[in-house]
Amino acid sequence: MAKKKKSVTAENDFNNENVHIEDAGTVKSEIITDTLTKNFMPYAMSVILSRAIPEIDGLKPSHRKLLYTMFNMGLLKGGTIKSANIVGRTMQLNPHGDASIYETMVRLSRGNETLLYPYVESKGNFGKAYSKNMMYAASRYTEAKLAPICRELFDDIDKDTVDFVDNYDNTMKEPRLLPVTFPTVLCNVTTGIAVGMVSSIASFNIKELCETTIALIKNPDHSISDTLIAPDFVGGGYVIYDADELEKIYSTGKGSVRVRSKYAYDKSYNCIDITEIPPTTTSEAIIDKIIELVKANKIKEISDIRDETDLKGLKITIDLKRGADPDALMSRLYKLTPLEDSFSCNFNVLINGAPGVRGVREILDKWIEFRLDCVTRRVNFSLSKKRRQLHLLKGLSKILLDIDKAIKIIRETESESEVIPNLMIGFGIDEIQAEYVAEIKLRHLNREYILKRIKDIENLENEIADLENTLSSKTKMKKIIISELQEVIERYDTGRRSEILYEVPDDNVETEPEIADYPVTVFISEEGYVKKIRTANLRMSGEQKVKEGDRIISTVECSNRDNVLVFTNKQQVYKAKVDDFQDTKASVLGEYVPSKLNMEDREEAVCIVVFSEYRGYMIFMFENGKIAKVDMQAYETKTNRKKLINAYSDKSSLAGVLYIPEDTDIVICGSGGRKLLVNTASVLPKSTKNTQGVQAMTLKKKSDKVVSLHLYKRGEFEKEWRYRPKNLPAAGALPSAGDLGEQLTF
């Protein structure tokens, strides 16, 4: 049976939206912007409005759902309960799964130390925000309850202060916002990544923030920086004060705050203890970076580093070498590691469904408007309740004037359903009042009860008048907010965590470490091993140990601060310091240079030069008889590069290399036995490293070549004039019997 072919209709014109589809599987052409609007925009708006960006109450939806669930569970009072129980109950409001809910709880907890003013009291292992390795325990092992400060989040939530909406399956109601009594939006660090936008809000001290809010309520032109000094972080440390940057944050909501770690020097153990770090890093990141710097020889004063964090809190211990300056070391570490870091501020807050980056002044103004609305709704709720009570009591007062008549009406009424209508007719009251009267117990029909009810009417009338006056006066409403803010300060202010550093000492300190200056002796072997021994210890050393088949070819007395150039067989030169090599002793082989300097595969050292300053010349002798004299300054670089290419010419194989501080006599040796004595002054220096040089030795045969080069020692030749030519190039001379060390026989 033949398969029925699908009818495929597709419009090639992307501007034509009227596409006809005749069957399933039809390929349809759409305008890309329409597809994005239909498919992507709903997702983007959901992330922005319902997930990543905090609202004016300082909470994201996930935070609000969790805290409200805990409030309904009665966890504002009493003891803690299992976190798993809380997570399970929260899933009635939050459909994103137990793992994400528990992570939210962890971040809000006191034990995790993420928030300056945590909302959840924790019991058990909730991990630490300052350590990526200290993970939190599973929800079945930990317990939690609401922190006392949550009273300020839920105060009067049952008095119509905020709107309630349906949860995701329309089975419960949850608050749209929480009626917070202080600006929680700026009290805790909040970060979020939405679609096309991010939010990063720094935390501020609750006293400074409430005082600033009070000042703005009293005077809208108040200068924010007068009362809100700087951000305050749960991890403490030093906030480096920058008036211009803070003013930028206060006015625009964007900027950065530099936070520096706090340390103490323990003289008895010669170590530094770091106890407070920036909120943007972790202890592991700091330790890893310091270890990296030590391995790269950029930091030399550290002998050991370890994490000694315990139940008392964070502690990173750095052991110092003898004579190290702890303050100078920390100044460099601030520059080179996350021990000093910047907190980037981007105060993106969702207000009335509209996200936007706002300055501190605008956020506080919007919070004041929000709080005024909450207080207005609370007063209206109380006013409506008292008016209803007054209405009932006024109906009762009419009955109390003639109780006997009320009793007679009730007794003479045949049907229960007619009691209410008869009371309404008999006393001229409405149905609500009559219902209230009908429910009064017989024991209350006494003189004392009647007098109390009449007095309640007077009190209610006075209270209603006060509430109406408050409702009609914006000034009184603001006074209520001010008094609540003052109470928050009294209850929850515990002082600043982060100290403010107005002056930064050694801010322009050099990042390069100070190299210790002491005399050393460097031993260089034929196979590329380098051994550095303190000269003071050399007299106690025995014979220098070398690898089997290797030998010491050079011994240099120098300073630990001197420079090292290592020329390789691949026409490259590696730059180092004598200090880069470890102090050692005669009984070790030393350090293998290719491994030490991370040379390329099959790259070997052909010459190792130790010198103090970039003065003098490098002499390169090639097998083709050419000689190149390169000024040492050609290898000096302004940047601290560790490797230079084209260190010498590759046109001919290298026969020998010498470093000379000044012009001197050298001996060139050919393969035919000829030797040539040349003063380097006769060769012009070049500033180009890979120069081919000039012809020095004339080679008689094609098979001849230069085999070596060395410094001339006075007395090496009996008749040195035989080897010293008048002009270059020259063939040189064969050594005499005396120069070869032979004696004539007769």
Side-chain angles (χ1 to χ4, degrees), residues 68-69 71-74 76-78 89 92 151 154-167 169-176 178-179 373-473 476-477 480:
Y68 183 65
T69 299
F71 175 74
N72 281 342
M73 294 174 69
L76 198 53
K77 299 178 181 179
R89 291 282 293 273
Q92 294 177 322
R151 298 179 188 276
F154 296 102
D155 192 27
D156 299 327
I157 195 173
D158 57 346
K159 295 182 180 179
D160 193 36
T161 48
V162 290
D163 294 331
F164 278 72
V165 295
D166 290 326
N167 69 332
D169 61 356
N170 299 323
T171 58
M172 295 178 63
K173 292 288 185 179
E174 60 177 309
R176 177 71 185 78
L178 296 185
D373 180 65
C374 291
V375 173
T376 301
R377 293 178 62 162
R378 183 180 68 190
V379 173
N380 273 323
F381 179 84
S382 299
L383 185 60
S384 299
K385 187 175 181 180
K386 291 184 183 298
R387 281 175 175 169
R388 183 173 180 275
Q389 290 177 347
L390 180 63
H391 181 67
L392 295 176
L393 290 179
K394 282 186 175 180
L396 179 61
S397 65
K398 293 180 181 180
I399 302 295
L400 295 177
L401 294 175
D402 194 349
I403 296 177
D404 293 337
K405 180 180 176 181
I407 294 173
K408 183 179 179 182
I409 291 173
I410 294 172
R411 290 181 64 182
E412 293 179 355
T413 301
E414 295 182 1
S415 175
E416 182 180 354
S417 61
E418 295 178 357
V419 171
I420 302 302
N422 290 343
L423 286 174
M424 293 170 62
I425 296 170
F427 290 95
I429 57 179
D430 59 27
E431 184 177 358
I432 296 174
Q433 291 172 323
E435 189 75 41
Y436 177 68
V437 169
E439 296 296 330
I440 296 177
K441 297 179 181 179
L442 285 174
R443 66 181 182 182
H444 289 156
L445 300 179
N446 56 72
R447 180 179 178 81
E448 182 183 6
Y449 181 81
I450 294 171
L451 292 175
K452 282 184 178 181
R453 297 289 74 77
I454 294 174
K455 188 176 181 181
D456 286 344
I457 292 174
E458 296 177 359
N459 292 336
L460 280 173
E461 288 176 341
N462 293 332
E463 290 175 4
I464 290 171
D466 288 340
L467 290 173
E468 288 175 342
N469 290 335
T470 300
L471 204 58
S472 61
S473 174
K476 289 185 178 180
M477 303 280 277
I480 294 173

- Any chance you could lay out the side-chain contact (heavy atoms from CB on, under 4.5 Å) test for Val162 and Arg176, step after step, and finish with the verdict? CA-CA 7 Å; Val162 290; Arg176 177 71 185 78; 5.9 Å; no
- Message: Is it the case that the side chain of Lys405 and the backbone of Gly426 share a donor-acceptor pair, with hydrogens and angles ignored and the cut-off at 3.5 Å?
- Response: yes
- The single option from Val375, Thr376, Ile480 that satisfies side-chain contact (heavy atoms from CB on, under 4.5 Å) with Thr470 is Ile480
- Message: For Glu435, run the side-chain contact (heavy atoms from CB on, under 4.5 Å) check against Asp430, Leu392, Ile420, Val419 and tell me which one passes.
- Response: Ile420
- Check: Asn380 main-chain N/O paired with Ser384 side-chain donor or acceptor under 3.5 Å: yes
- Task: Return yes if some donor-acceptor pair links the side-chain N/O of Asn469 with the main-chain N/O of Ala465 below 3.5 Å, else return no.
- Result: yes
- Would you check if Asp166 and Met172 make a side-chain contact, meaning some heavy-atom pair closer than 4.5 Å? no
- Message: Looking at Ile407, I'd like to know if its CD1 atom is crowded, meaning that more than 12 non-hydrogen atoms belonging to other residues, nucleotides or ligands lie closer than 6.0 Å.
- Response: yes
- Interatomic distance, Leu178 atom CG to Phe71 atom CZ [nearest 0.5 angstrom]: 9.5 Å
- Which value, rounded to the nearest 0.5 Å, describes the distance between Ile410 atom CD1 and Leu423 atom CG? 5.0 Å
- Query: For atom CD of Glu468, is the number of surrounding heavy atoms from other residues, nucleotides or ligands below 6.0 Å larger than 12?
  - Reply: yes
- Query: Just how far is it from atom OG of Ser397 to atom CD1 of Ile429, taken to the nearest 0.5 Å?
  - Reply: 9.5 Å
- Is Asn422 reaching over with its side chain to a backbone N or O of Glu418, donor-acceptor style, under 3.5 angstrom? yes
- How long is the gap from CG on Leu393 to NZ on Lys386, to the nearest 0.5 Å? 11.0 Å
- Residues Arg387, Glu461: salt bridge by 4.0 Å N-O rule: no
- Message: Has Asp160 got a side-chain atom pairing as donor or acceptor with Arg377's backbone, closer than 3.5 angstrom?
- Response: no
- Message: Looking at Thr161 and Asp156, would you say the former's side chain and the latter's main chain have a donor-acceptor pair under 3.5 Å?
- Response: yes
- Salt bridge or not for Asp163 and Lys173, using N-O below 4.0 Å? no
- Are Phe427 and Val437 side-chain neighbours, meaning at least one heavy-atom pair lies under 4.5 Å? no
- Apply side-chain contact (heavy atoms from CB on, under 4.5 Å) to Phe164 and Ile157, showing your working. CA-CA 10 Å; Phe164 278 72; Ile157 195 173; 4.0 Å; yes
